[in-house]
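Below is one structure, written out as structure tokens; the observations come after it.
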Amino acid sequence: MSNPCPFCQQAAAPADSLRDHVWSFPHAVSVLGRWQFYHGYCVLFSRSHAREPDELSKAERDGLTESMWWMARAIREAFAPRKLNYELLGNQVEHPHWHVFPRLAGDPEHLKPAWVRIDREEGHPGLLPGLEGNQASRSATIATLKATLARLGAPSA
Ligand SMILES: [Zn+2]
């Protein structure tokens with residue numbers, strides 16, 4: 001029987017087969033998030049499955065958290081956001097994962113959660129390109145993040 005959890009499936013797959021793969025940490029894997037209106041937005045998921053993060057072992061929890069700080073540092077260095085937002089929700093996918101949203105200068109809704117714009121625009125095909133970014137810009141963002149993480153000495157697995 002296959003595990004239907006999408007993050008477990010991605011955690012088990014070779015990194016070079018993952019769409020939008022950014023970095024493989026010892027306890028977590030980072031991919032570029034869909035909503036690149038927030039330039040540099042990444043999703044970071046634990047290599048281990050749990051419904052709630054506190055169900056992970058201490059090593060897995062600490063590894064996931066430490067990986068998030070590496071992603072935060074890399075996103076800040078690469079894209080100089082005005083602020084970073086961190087969210088761990090798990091309402092749609094019950095597997096520990098962080099959303100790291102850079103909030104750039106000039107975002108007219110910078111006081112609101114990133115999801116406000118996403119929820120409003122994702123159902124409108126004409127607005128999706130502005131929300132997701134094109135493949136060339138996504139690839140460039142991934143390359144910048146990989147180079148920044150490597151330069152910073154982020155642990156990899
Ligand atoms: Zn899972």
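Ligands are counted one by one from 1 in listed order, and the atoms in each one are counted from 1 as well. We number each residue from 1, following the sequence as shown.
For Cys8 atom SG and Cys5 atom SG, the angle they make at the Zn ion (ligand 1) is roughly 120°, to 10 degrees.
Contact check on Arg103 versus Glu109 returns no salt bridge, with no Lys/Arg side-chain nitrogen under 4.0 Å from an Asp/Glu carboxylate oxygen.
For His95, the N/O/S atom at the shortest distance from the Zn ion (ligand 1) is named ND1. Looking only at its N/O/S atoms, His49 has ND1 as the one nearest to the Zn ion (ligand 1).
The aromatic rings of His39 and Phe79 sit tilted relative to each other, their planes meeting at an angle between 30° and 60°.
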Report task. Please lay out, stage by stage, how His97 and Ser46 fare under the test side-chain contact (heavy atoms from CB on, under 4.5 Å). Result -> CA-CA 6 Å; His97 62 282; Ser46 169; over 6 Å; no

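Closest approach of Pro53 and Arg61 over heavy atoms only: O-CG, 3.4 Å.
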